Novice: 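Here it is, the structure in full.
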There are 2 protein chains.
Amino acid sequence: MAKQNTVFKDAFNRCLKLLEQTASLPSEPELGATLGVSRTTVRAVLGRLEEVGLLAWDKRRKIVLRKPVAADYFPTEETDSLSEIIERSFMRRILDGGAQPGMQINELELAREIGIGTTGVREFLIRFSRFGLIEKRPNSHWVLKGFTREFALELTEVREIFELRSAAAFAHLPKDHAAWQELDAIEAVHRDILADIDNRYLDFSELDERFHLLVHRASRNRFIVDFYDVIAIVFHYHYQWNKTNARQRNARALEEHLAYIAALRSRDPIEIELACRQHLKSARETLLQSIN
Amino acid sequence: MAKQNTVFKDAFNRCLKLLEQTASLPSEPELGATLGVSRTTVRAVLGRLEEVGLLAWDKRRKIVLRKPVAADYFPTEETDSLSEIIERSFMRRILDGGAQPGMQINELELAREIGIGTTGVREFLIRFSRFGLIEKRPNSHWVLKGFTREFALELTEVREIFELRSAAAFAHLPKDHAAWQELDAIEAVHRDILADIDNRYLDFSELDERFHLLVHRASRNRFIVDFYDVIAIVFHYHYQWNKTNARQRNARALEEHLAYIAALRSRDPIEIELACRQHLKSARETLLQSIN
DNA sequence: GATCTGTCTATTGTCGATAAAAGACAAATA
DNA sequence: TATTTGTCTTTTATCGACAATAGACAGATC
């Protein structure tokens, strides 16, 4: 096969979700915009919906015939794009400890294990190299530098420089800037999660990313914003991996975020710096604890 | 062809340089270490040297038969690796102004124009994307963000943060650290070039990179050191492109470097910061001038 | 006994081919 | 007249294949 049709399958699944709530579907361009795919894909989805008897489709008339059931959905394994599959698989290896620093990475072997072609692996490794965890020896193999203490310290050093700067810049955003509204929304989610912390503490990871990215964006500097990708991926997988004391840890981080948000609202540089430093310090400690 | 033999050709050319100075060649492993290639390539080089009558090769005996002439060398176009070719070609497009911000980048078209396969182009674009000049729309094209004023400002902002920090760290390196010797060597080259500035002002570009990279390394932070790649590539091509007042500009930068080096030697944080800021300021101005 | 060479295998770099997905344009419809 | 649909072309994502290069191992040589 030349190209996986994951875009189609994922769009199809998301379209089924829409079907659960409406009696008919909108026009092709509108549907395309909703699902974030091209009309070509929309038509393929509609075609399949008709085929399995979910939809009567004739030009502009798209009538839902029955509600979708679980069996109508494509399995989730088939909707993940190649890069998602390989990233997860690769990070698991690194974080699960099966991978020692200094180890060689073999493209072909990796490709076989994940069940994809070498091109995919190569492109992934190139993209991934910017996270500083691997390094290429030209005309030869990649070397795993490993998720070490040094890595974590170097990462957090730059993070702290950038975030302190971004937080300071946040205070200078004009009052009508969309970031303030987003900050309100984020704060509300914080309170929601805290109110039901025992059940929802795992929602923190995603919220954490959303909040810090918002702060970094205030720098209006693409290099600072892009660097947040590195932090996000490390913390994302770190949260998935290290679940010890997760409830307590996340509760504490949520409280720190609330203090940080309040400081941002105050627009007082000193308060902002204090709250930011306080939170970054515990984030660093959490990360370091998981290494040794 | 599956793979270019540029490694072989480049090693061959560098081996010819060695031949100009000796009457016989060392063992295969030693030669490999000198040229930075594997024994396989060394043997291919030796084989060719024998073929063209430059060398009598029998096991350990490798006697030079005649001095190489210009015609023995492979043309330099053939010794550049694919990534070098494509990088140069691509940067020329961006900097020469033929490329407007917002423009779409077509992989196939680019590949045809440069005369390589699409895989090479894709991998290059992925690697290149970390420089912040292009951006990918998934399942669709790349977008050129362009070498704009905003780009230059964002780049120099981060550069200044990192370099000030690295310069401060430099002062704390132990006295016997190899960096101090390298600093001496770099200073000597500065004086050499200044003494013959009219003929050698174009040597500045390479020296500039060597000096600033040394400073950045003092941070002992891979993210800071890696970021220097972005700066290096931009300034490298910028120097090649914008030759107006190059002599004067480089002479000034050389003087600033000397003051900066003296400040580093003094280990006085305030002097270092002053000299560093002074130089970074004029570097930024030079870069900005070339844009508008 | 250490290093070198001959030989062989393993791995990377690059290509062209092909299905999926995006996107352009004109005719149809409301 | 503004959308929508039908049809067609262009472009990307992914694969497998193969030459260049790296690297391993045993026998040869100093």
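Naming convention: chains lettered A, B, ... in sequence-line order (proteins, then strands); numbering from 1 in each chain. A quick note: this is a predicted structure, and the numbers were derived from the prediction, not measured.
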Novice: May I ask you to decide if the ring planes of B:Phe8 and B:Phe12 are parallel, tilted or perpendicular, using 30° and 60° as cut-offs?
Specialist: tilted
Novice: Rounded to whole Å, how long is the line connecting atom CZ of A:Arg127 with atom C1' of D:dT14?
Specialist: 12 Å
Novice: What is the distance, to the nearest angstrom, from the CG atom on B:Leu46 to the C1' atom on C:dC4?
Specialist: 13 Å
Novice: Could you state the atom-to-atom distance from CD of B:Glu123 to C1' of C:dC15 in whole Å?
Specialist: 12 Å
Novice: Find the distance A:Gln4:CD to D:dG16:C1' and express it as a whole number of Å.
Specialist: 14 Å
Novice: If the cut-off is 4.0 Å, is A:Asn5 near the phosphate of D:dT14, judged by side-chain N/O to OP1 or OP2?
Specialist: no
Novice: Less than 4.0 Å between a side-chain N and a carboxylate O, is that true for A:Asp229 and A:Arg130?
Specialist: yes
Novice: Please state how far atom CG in A:Leu31 lies from atom P in D:dT5, giving the value in whole angstrom units.
Specialist: 10 Å
Novice: Do B:Phe162 and A:Phe162 have ring centroids that are under 6.0 Å from one another?
Specialist: yes
Novice: Categorize B:Thr6 for me: base, sugar-phosphate, or nothing, with a 4.0 angstrom heavy-atom threshold over every strand shown.
Specialist: sugar-phosphate
Novice: Do B:Lys3 side-chain and D:dT21 base share a donor-acceptor contact under 3.5 Å?
Specialist: no
Novice: 5'-most contact on DNA chain C: B:Pro138 or B:Arg43, nearest heavy atom basis?
Specialist: B:Arg43
Novice: If you only use heavy atoms from C-beta on, which nucleotide in C:dT14, C:dT18, C:dT12 is closest to the side chain of A:Ala2?
Specialist: C:dT18
Novice: A side-chain contact here means heavy atoms from C-beta on lying under 4.5 Å apart; do A:Val234 and A:Phe147 qualify?
Specialist: yes
Novice: So what does A:Ile105 hit on the nucleic acid, given a heavy-atom distance under 4.0 Å: a base, only sugar-phosphate, or nothing?
Specialist: sugar-phosphate
Novice: What integer distance in Å separates A:Glu78:CD from D:dT14:C1'?
Specialist: 17 Å
Novice: Looking at A:Arg210 and A:Glu182, is any side-chain nitrogen of the basic one under 4.0 Å from a carboxylate oxygen of the acidic one?
Specialist: yes
Novice: Between D:dA22 and B:Thr41, is there an OP1 or OP2 to side-chain N/O distance shorter than 4.0 Å?
Specialist: yes
Novice: Could you check whether any side-chain heavy atom of B:Leu46 comes within less than 4.5 Å of a side-chain heavy atom of B:Lys62, counting everything from C-beta outward?
Specialist: yes
Novice: Heavy atoms only, 4.0 Å cut-off, all strands: where does A:Lys62 land among base, sugar-phosphate and nothing?
Specialist: sugar-phosphate
Novice: Tell me whether B:Glu206 at atom CD has more than 12 heavy atoms from other residues, nucleotides or ligands lying less than 6.0 Å away.
Specialist: no
Novice: From CG of A:Asn139 over to P of D:dA19, roughly how many Å is that when rounded to an integer?
Specialist: 18 Å
Novice: Check this for me: does any side-chain nitrogen of one of B:Asp80 and B:Arg88 sit under 4.0 Å from a carboxylate oxygen of the other?
Specialist: yes
Novice: So if I take residues 107-121 of chain B and measure heavy-atom distances to DNA chain D, which residues fall below 4.0 Å?
Specialist: B:Glu107, B:Leu108
Novice: With heavy-atom distances below 4.5 Å as the criterion, would you say the side chains of B:Leu213 and B:Val225 are in contact?
Specialist: yes
Novice: Select base, sugar-phosphate, or nothing to describe what B:Lys9 touches, counting heavy atoms under 4.0 Å on all strands.
Specialist: nothing
Novice: Using a strict 4.0 Å threshold on nitrogen-to-oxygen distance, state whether B:Glu135 and A:Arg222 make a salt bridge.
Specialist: no
Novice: Within this structure, what is the CG-to-P distance between A:Asp10 and C:dA20, rounded to whole angstrom?
Specialist: 16 Å
Novice: C:dC15, D:dG6, D:dT12: which one has an atom nearest the side-chain heavy atoms of A:Glu28?
Specialist: D:dG6
Novice: For nucleotides 23-30 of chain D, read 5' to 3', which letter fits each nucleotide if B means a protein heavy atom sits under 4.0 Å from the base, S means only the sugar-phosphate is that close, and - means neither?
Specialist: BB---BBS
